[in-house]
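Note that the coordinates shown come from a computational prediction; the quantities given were computed from them, not determined experimentally. All chains are named by letter (A, B, ...) in the order of the sequence lines, taking the proteins before the strands, and each is independently numbered beginning at 1.
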Amino acid sequence: MTRAYQCANVPGPHLGKVGTSASVASAIKRAERPVLIVGSELTNLNWALDLAKKQDIPVVATAHVAGMMREKGVDPDRVLGAIEITNLLKSPEWGGIRGEGQHDLAIFVDVLYYMEAQMLSTLKHFAPHIKTISLTKGHQPNADQSLPNLSEKKMIEFLAGVVEGLAEA
Amino acid sequence: MIKDGRFVIDNMENVVINIGKITTEEELDEQEWEPMGPTPKPGILSLRNWDHRLLKDFPPFYAPICDMCCLCTYGKCDLTENRKGACGIDIEAQQARMVLIACCIGTAAHAGHANHVLHELIRWRGRDHPIDLGPYIDVEAPIIRTVVGTIPKTLGDLEEILNYVNQQLVHALSSTHTGQEGSYIDFESKALHVSMIDNLAKEVADIAQIAGFDFPKGDPDAALIDFGFGAVDRTKPIIVFIGHYPAVSVATIDYIEERGLSDKIEVCGICCTAIETSRYSASAKVIGPLSMQQFFVRSGIADVLVLDEQCVRTDLLEEAQKTGAPLILTTDKICYNLPDVTNRDTDKVVADLLNGTPGVLISDPLKAAKVITETALKMKPKRDGLNHLPELEEVQKLAEECIKCGWCDRACPNSLPVKDAMIKAKEGDFGGLSDLFSPCMSCGRCESECKKELPIISMILKSAQEIAFGETYTMRAGRGPVLDTEIRKVGAPLVLGEIPGVVALVGCSNFPAGEVEVAKIAEEFARRNYIVVATGCSAMAMAMYRCEDGQTLYEKYPGSFDAGGVVNIGSCVANAHIIGAAIKIAAIFARLPLRGNFEEIADYILNKVGACGVAWGAMSQKAASIGTGTNRWGIPVIVGPHGSKYRRAYISNKELSEWELYDKRTGEVVEGEPAPEHLMYPAETMEEAIVLTAKLCIRPSDNAKGRQIKLSNYADLYKKYMGTLPPDLHLFVRKETDIPITMKGEVMEYLKEVGWKPRKAIGEPSRLVPEEEV
């Protein structure tokens, strides 16, 4: 069994799945209104921005990541704290980033690991209307799907696999 | 003269007269100092409406850290997917219950401290010892006045207040028993209540300390204390106090002085005891906050280690034994299964310790003082020449044993790159290990996880020894309460916004990226003319930093409670004075009666006093109760990312929120503004916290000039870190006159873009709608 990256972070009897590139790509494809939440670790910022552009997924920049995105010439769709976007996601009545309705998939990338674990816990418990994927370094058992614990090289391969999977018809 | 007590009348069988507290004429006059307000000594239900009002604007946000409840033998109960526990509890109520338990623990720790220190001081000084906070403080004990409705004049008067504290704590804790409260909102109300009681206990503790130990009475020019590993004179016997309760360190300093040994022994401290000790004697050295505890003990510099209570590592007996330093425990809170030798002859105890007894418990501070001093004097020559850290060659050899499994990184709360540092050290490059010294909190979880049992903390310390031991900083001694004269000066500009806010850096040292961030937050706001106040580990962490000009923050900025001041208020229990300052603004500037008048005062603070707490390294249950209590008084608190593990925040729903306020001047319910937007908020990064702090200092009472100043800071910081104007700026601009002059063009353009329309400022903003209008 894959353990949480921070190894004592064992939430309880119901743990999310360890995703594969193909399963992550498939979940993104299936989603009608996904949202990408990009945090302060910055490990995969470029990959995340590329994904958002290619798949037309709205981006929420948490912490002070917006400043770094703008330095790259990218404007995030919203700037919200990790807890603020999580709070909005758990309200079924919220209209989503684009006002098109509440999101049905939240993809977390690079939010500080242990804080992301808490935000995913909130969504697991209080947002049954939304699926979650964590593509932050290290396995997150509170996400519906999360990366296994990977080396840097393997992680790059995993993310490249997600892009390939999305490109397939 | 009639005294209180139990009397039997001579020659009258079966007649006993019990006389409780005698009220003197002086006390009768005192009772008239203000009319009694509606809620003296509030019980759990008394302020429930206020809590519910707060929680309407700032609903609890739960992030369970555990999906189960394991508190009774029905359990474990799985609370996922709307499952209920065997007692009927759901996941929200369980989170709130755990928060209440944490707040009760925190309150008990401070109340335990208050009880200890008060009873010891009554033993030393007597019940009638006066509480005198000096000529510049008339409104002393603002929390006691507001909550309890009395003015304590003597140490004995504080006992009655602690009786109330202890009673409320029992009621709050009892509601967490299986099968009592079932509503998360009411669990939260109880958490707010018991945390207000925590604030009260802290005020009792610190007032007792100031009166009994003659600590500084709000002195803005309190002494600059030598700070850091490098400050310790290693040629002398070294005594190190760890914890919070200062009676033992005070007694030791007195004993040392009485014996004429002041220049022959080093007295040092870690954590809040260090702050307290340096409030008593400016020659005491402060080694650092909690995060330095394990590092310093491992260094082996201490000849005697003395523990009192709160926030002390629980394995220090084992750690002390590794260095050969005797361990002396001094309170009932920490006993480590060591023998209680309080009643043994002190010379024999010293002999035992010199002959290898690893540690003892001595609960009498005066006896402990003698044992500590005599042991240190005799132990020093025995320990001279001992080397407690591995040499660099040994560090390299140890690193060579590393199997690169990476579990150290995964055990680290901050996921620091320990494995990579080990790989470098194998090659003789100690830079990686050295770089870990600053961000590492020396918790030692990496060591516990290490399959090769490498002493990683010692290896980091050795690799960073030039950084660790090479620098001496300064910290201003904890000054205690804010003076009435200072409040008179800053009250109006604070309420009107012309001083943009009070930023209170408080709490523990579980920082996400080392001590430096809390210093940077302080510097950012001091430069911008906010009033920066600090307590506890944060006050110490701020000392471990030099500004660009080479000065420490305490050298560069004045210690007065004024714009641009950097004020070390004191230890954890001195946090009461920060809330006290906000209360005193209501009392002195607005002339509101305090006595038993909690709601009106908290409402005033929430709507008019632009203060924001930042507990960047909040870790303990004490920090939970400090923060939650601060919230009940209407002061928002930002915690660091680790604070998300407290399971609960109080945040607004942003665009889903309604911001209704009551205008006391017109008697109307009016559209308000998100000022403050959140009440308890975990931020992910320092930069996010800085921007949010500026925003959370905005209040509906700001005048146009004040709002301009606050928005100028908020917008400037937002641009600095996020690259644009804040996207919610329009929510805070009431009229054109609120717009910072230097940003007028771009702000007007933005307001036009978002369809902004001017609105009226609220004359007398309040959240307390009179009952008949509800």
*asked:* Distance alone, cut at 3.5 Å: any donor-acceptor contact between the side chains of Ser23(A) and Gln145(A)?
replied: yes
_Less than 3.5 Å apart, any donor N or O on the side chain of Asn653(B) or Asn87(A) sitting next to an acceptor on the other?_
yes
_Taking side chain as everything from C-beta outward and backbone as N, CA, C, O, which of these in Ile83(A) sits under 4.5 Å from a heavy atom of chain B? Side chain, backbone, both or neither._
both
*Between Leu656(B) and chain A, which part of the residue has a heavy atom less than 4.5 Å away: side chain, backbone, both or neither?*
side chain
*In terms of heavy-atom proximity below 4.5 Å to chain A, should Glu449(B) be classed as side chain, backbone, both, or neither?*
side chain
_Best-contacting candidate, Glu81(B), Lys76(B), Glu92(B), against chain A by heavy atom pairs under 4.5 angstrom_ = Glu92(B)
*Which residues in residues 106-124 of chain A have any heavy atom lying under 4.5 Å from a heavy atom of chain B?*
Asp110(A), Val111(A), Leu112(A), Tyr114(A), Met115(A), Gln118(A), Met119(A), Ser121(A), Thr122(A), Lys124(A)
*Considering only heavy atoms and a distance below 4.5 Å, find which of Ala82(A), Gly67(A), Ala63(A) pairs most often with chain B.*
Ala63(A)
*Checking heavy atoms, do the side chain of Ser91(A), its backbone, both or neither come under 4.5 Å from chain B?*
side chain
*Can we say Arg83(B) and Asp78(B) salt-bridge, meaning some charged N sits less than 4.0 Å from an Asp/Glu carboxylate O?*
yes
*Pro726(B) versus chain A, the contacting section by heavy-atom distance below 4.5 Å*: neither
*What part of Arg3(A) is in contact with chain B, defined as an atom under 4.5 angstrom from a non-hydrogen atom: side chain, backbone, both or neither?*
both
_Measuring only between side-chain heavy atoms, which start at C-beta, is Gln55(A) closer than 4.5 Å to Lys29(A)?_
no
*Compute whether any side-chain donor of one residue and acceptor of the other, for Asn44(A) and Lys137(A), lie under 3.5 angstrom apart.*
no
*Hey, which of Ala8(A), Gly12(A), Ser40(A) has the most heavy atom pairs under 4.5 Å with chain B?*
Ser40(A)
*Residue pairs involving residues 65-107 of chain A (criterion ring-ring contact (aromatic ring centres under 6.0 Å, His included); sequence neighbours excluded)*: Trp94(A)-His103(A)
*What part of Phe126(A) lies closer than 4.5 angstrom to a heavy atom of chain B: side chain, backbone, both or neither?*
side chain
*Among Trp407(B), Tyr681(B), Tyr721(B), single out the residue with the greatest number of heavy-atom pairs under 4.5 Å to chain A.*
Tyr681(B)
*Portion of Leu692(B) that has a non-hydrogen atom of chain A nearer than 4.5 angstrom*: neither
*Let me know if Asp409(B) has heavy atoms under 4.5 Å from chain A in its side chain, its backbone, both or neither.*
both
_Counting only non-hydrogen atoms closer than 4.5 Å, does Pro727(B) touch chain A with its backbone (N, CA, C, O), its side chain (CB onward), both, or neither?_
neither
*Separation of Glu164(A) CD from Leu159(A) CG (nearest 0.5 Å)*: 11.5 Å
_Contact winner vs chain B - Asn149(A), Leu80(A), Val10(A), heavy-atom pairs under 4.5 Å_ = Asn149(A)
*asked:* Please check if the number of heavy atoms outside Glu453(B) that lie under 6.0 Å from its CD is greater than 12.
replied: no
*chain A interface, residue from His642(B), Met68(B), Lys654(B) that has the most non-hydrogen pairs under 4.5 Å*: His642(B)
*Within a radius of less than 6.0 Å around NZ of Lys56(B), do more than 12 heavy atoms belonging to other residues, nucleotides or ligands occur?*
yes
_Option in Thr62(A), Asn9(A), Asn142(A) with maximal non-hydrogen atom pairs under 4.5 Å from chain B_ = Thr62(A)
*Parallel, tilted or perpendicular: which fits the ring planes of His730(B) and Tyr750(B), with parallel below 30° and perpendicular above 60°?*
tilted
*asked:* Heavy-atom cut-off 4.5 Å, strictly under: side chain, backbone, both or neither for Thr724(B) against chain A?
replied: both
*Using the ring of Tyr650(B) (Phe, Tyr or Trp, six-membered ring only), decide whether Arg648(B) places NZ or CZ under 6.0 Å from its centre and within 45 degrees of its axis.*
yes
_Asp728(B)-Tyr714(B) side chain donor-acceptor pair, cut-off 3.5 Å_ = yes
_Flag for Gln95(B)-His125(A): side-chain donor and acceptor within less than 3.5 Å_ = no
*Checking heavy atoms, do the side chain of Pro11(A), its backbone, both or neither come under 4.5 Å from chain B?*
both
*Hey, is Asp420(B) close enough to Lys424(B) for a salt bridge, meaning N to O under 4.0 Å?*
no
*Any side-chain donor-acceptor pair under 3.5 Å between Thr685(B) and His64(A)?*
yes
*Residue selection (most heavy-atom pairs with chain A, distance under 4.5 Å) from Glu688(B), Arg647(B), Arg445(B)*: Glu688(B)
